[in-house]
Peer 1: 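Just dropping this structure here.
Sequence positions, counted from 1, serve as the residue numbers for this chain.
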Amino acid sequence: MIPLPLPGALFGTLLAWGLVRLPPGEALTLWAGLSVLLYVGASRGPEPLWRGVLIGLNAGLNAAALLSWVGPLGLCAAALNLLAASDLTCRPRFRHLLGWSGWLLPLGWPATVLGLGAFGLNALAWPSVRRVWMDRATGTVVLVGGWLWWPGFRGGYSLGQFAFVTPDALGLVAHETGHTLNNAAFGSLFHFIGAADELLLPLLNPSRRWADAYAERLAGGHDPRTRQAQVVGLWANRSSVEA
């Protein structure tokens, strides 16, 4: 039996190639509306199918952009994006390639640009920065400390290829780099929809927690030590998924 994400990804790719043939304003409106509907569909089920459509839509748009800018060579990065709909995501080597490819995928750039800006602002108060390193497994620049936090906040956040954690929350690095993989596979629009799901919906529904957001459940699956309930094992090792 063919796994549901694969036909979903092929359908999403066809949607992308249809969108690029529309006038820009109409295409952007439809893309945003489709992305929200697909995000809601994936969060409520059948998750694998709608997840595949989201990945295919992002990969198709990345392919269209890269093809017009750098020619067929750019399709290699878009192909990695599309393969995020396959079982290869259970393999660390594939996640390594996908994470680093996020630097090359245009639809992931908006979040990465914001991350670069946040990094620069934190650098203005460099004594408050405890540590900076490159997470080689995902191509993420990780900054510990800094000053862009709510008073008393303990935790982290991710913006494209940049992740930020407070000094007392180093255990969240694996979760935040899971968001890096999300950004590569699904794009920045997905990242922003996920942020709204995490931060705004609990204000409207007090019984809803930040960890219930679909994007958070995906990122949580990248942390083998997570205590987060109902994670999606897209970025987990095969042994963890089978367990």
Peer 1: Within this structure, what is the CG-CH2 distance for the pair Leu199 and Trp210, rounded to the nearest 0.5 Å?
Peer 2: 10.5 Å
Peer 1: Picking from Tyr157, Trp149, Trp150, what satisfies ring pair (Phe, Tyr, Trp, His ring centres under 6.0 Å) with Phe153?
Peer 2: Trp149
Peer 1: Side chain to side chain contact (heavy atoms under 4.5 Å, CB included) between Leu57 and Leu19: does it pass, once the steps are laid out?
Peer 2: CA-CA 9 Å; Leu57 179 60; Leu19 285 176; 3.8 Å; yes
Peer 1: Consider only side-chain heavy atoms of I, L, V, M, F, W and Y, link residues closer than 4.5 Å, and tell whether Leu30 and Leu38 are in one cluster.
Peer 2: yes
Peer 1: Can you tell me which residue among Thr180, Asn237, Thr177 is in a side chain to side chain donor-acceptor pair (under 3.5 Å) with His222?
Peer 2: Thr177
Peer 1: CG of Leu159 to CG of Leu114: how many Å apart, nearest 0.5 Å?
Peer 2: 6.0 Å
Peer 1: Kindly say whether Gly139 contributes a backbone atom to a donor-acceptor pair with the side chain of Trp103 at under 3.5 angstrom?
Peer 2: yes
Peer 1: Under the side chain to side chain contact (heavy atoms under 4.5 Å, CB included) rule, what do Val40 and Trp50 come out as? Steps first, then yes or no, please.
Peer 2: CA-CA 9 Å; Val40 173; Trp50 301 127; over 6 Å; no
Peer 1: Testing the basics here: between His191 and Ala111, what is the closest heavy-atom pair and its distance to 0.1 Å?
Peer 2: CD2-CB, 4.3 Å
Peer 1: Over all heavy atoms of both residues, which pair between Leu189 and Ser35 is shortest? Give the atoms and the distance, please.
Peer 2: CD2-OG, 3.4 Å
Peer 1: First locate atom OG1 of Thr138, then atom CG of Asn183, and finally report the distance between them rounded to the nearest 0.5 Å.
Peer 2: 11.5 Å
Peer 1: Within the side chain of Thr13, is there an N or O that forms a donor-acceptor pair under 3.5 Å with the backbone of Gly60?
Peer 2: no
Peer 1: Below 4.5 Å, heavy atoms only, C-beta onward: do Leu124 and Leu121 meet side chain to side chain?
Peer 2: yes
Peer 1: Can any side-chain N or O of Arg217 pair as donor or acceptor with the backbone N or O of Ala213 at less than 3.5 Å?
Peer 2: no
Peer 1: Measuring only between side-chain heavy atoms, which start at C-beta, is Leu75 closer than 4.5 Å to Leu67?
Peer 2: yes
Peer 1: Determine whether Leu143 and Trp147 fall in the same hydrophobic cluster, where Ile, Leu, Val, Met, Phe, Trp and Tyr are linked whenever their side-chain heavy atoms lie under 4.5 Å apart.
Peer 2: yes
Peer 1: Which of these, Leu88, Thr89, Leu6, sits in a side chain to side chain contact (heavy atoms under 4.5 Å, CB included) with Leu83?
Peer 2: Leu88
Peer 1: Quick check: closest heavy atoms across Glu176 and Ala163, and the distance to 0.1 Å?
Peer 2: CB-CB, 3.8 Å
Peer 1: Should Trp235 and Trp100 be counted in the same cluster of Ile, Leu, Val, Met, Phe, Trp and Tyr side chains packed under 4.5 Å apart?
Peer 2: no
Peer 1: So which atom in Leu148 and which in Ala118 form the shortest heavy-atom distance, rounded to 0.1 Å?
Peer 2: CD1-O, 3.7 Å
Peer 1: So, the side chain of Asn62 versus the backbone of Ala78: is there a donor-acceptor pair under 3.5 Å, distance only?
Peer 2: no
Peer 1: Answer yes or no: is there an ion pair linking Arg208 with Asp197, defined by an N-O contact shorter than 4.0 Å?
Peer 2: yes
Peer 1: Using the side chain to side chain contact (heavy atoms under 4.5 Å, CB included) rule, take Phe162 and Thr112 through it: C-alpha gap first, then chi angles, then the decisive distance, then the call.
Peer 2: CA-CA 7 Å; Phe162 292 84; Thr112 295; 4.0 Å; yes
Peer 1: Among the clusters formed by ILVMFWY side chains lying less than 4.5 Å apart, do Val132 and Val165 turn up in the same one?
Peer 2: no
Peer 1: Phe186: which residues meet the ring pair (Phe, Tyr, Trp, His ring centres under 6.0 Å) condition with it, sequence neighbours left out?
Peer 2: Phe190
Peer 1: What do you reckon, is CG of Leu200 surrounded by more than 12 foreign heavy atoms closer than 6.0 Å?
Peer 2: yes
Peer 1: Find out if a path of hydrophobic residues (ILVMFWY) with successive side-chain heavy-atom gaps under 4.5 Å connects Met134 to Val173.
Peer 2: no
Peer 1: Of all the heavy-atom pairs spanning Phe164 and Gly115, show the shortest one and how long it is.
Peer 2: CZ-O, 3.5 Å
Peer 1: For Glu47 and Val232, run side chain to side chain contact (heavy atoms under 4.5 Å, CB included): C-alpha distance rounded to whole Å, both residues' side-chain angles, the deciding distance at 0.1 Å, then the answer.
Peer 2: CA-CA 9 Å; Glu47 187 272 333; Val232 179; 3.7 Å; yes
Peer 1: Return yes if some donor-acceptor pair links the side-chain N/O of Asn205 with the main-chain N/O of Pro202 below 3.5 Å, else return no.
Peer 2: no
Peer 1: For Phe11, does the CZ atom have more than 12 heavy-atom neighbours from other residues, nucleotides or ligands under 6.0 Å away?
Peer 2: no
Peer 1: Taking Asp223's backbone N and O only, do any of them form a donor-acceptor pair with Thr226's side chain (distance below 3.5 Å, no angle check)?
Peer 2: no
Peer 1: Which pair of non-hydrogen atoms, one from Asp168 and one from Arg154, has the smallest distance, and what is that distance?
Peer 2: O-NH2, 2.8 Å
Peer 1: Do Ser188 and Leu107 make a side-chain contact, defined as non-hydrogen atoms from C-beta onward lying under 4.5 Å apart?
Peer 2: no
Peer 1: Report the distance from atom CZ of Arg95 to atom SG of Cys90, rounding to the nearest 0.5 Å.
Peer 2: 7.5 Å
Peer 1: State the CG-CG distance between Leu218 and Asn182, to the nearest 0.5 angstrom.
Peer 2: 5.0 Å
Peer 1: Within this structure, what is the CG-OG1 distance for the pair Leu22 and Thr29, rounded to the nearest 0.5 Å?
Peer 2: 10.5 Å
Peer 1: When you measure from the side chain of Gln228 to the backbone N and O of Glu216, does any donor-acceptor pair fall under 3.5 Å?
Peer 2: yes
Peer 1: Donor-acceptor pair, distance only, cut-off 3.5 Å: does the side chain of Trp133 make one with the backbone of Val144?
Peer 2: no
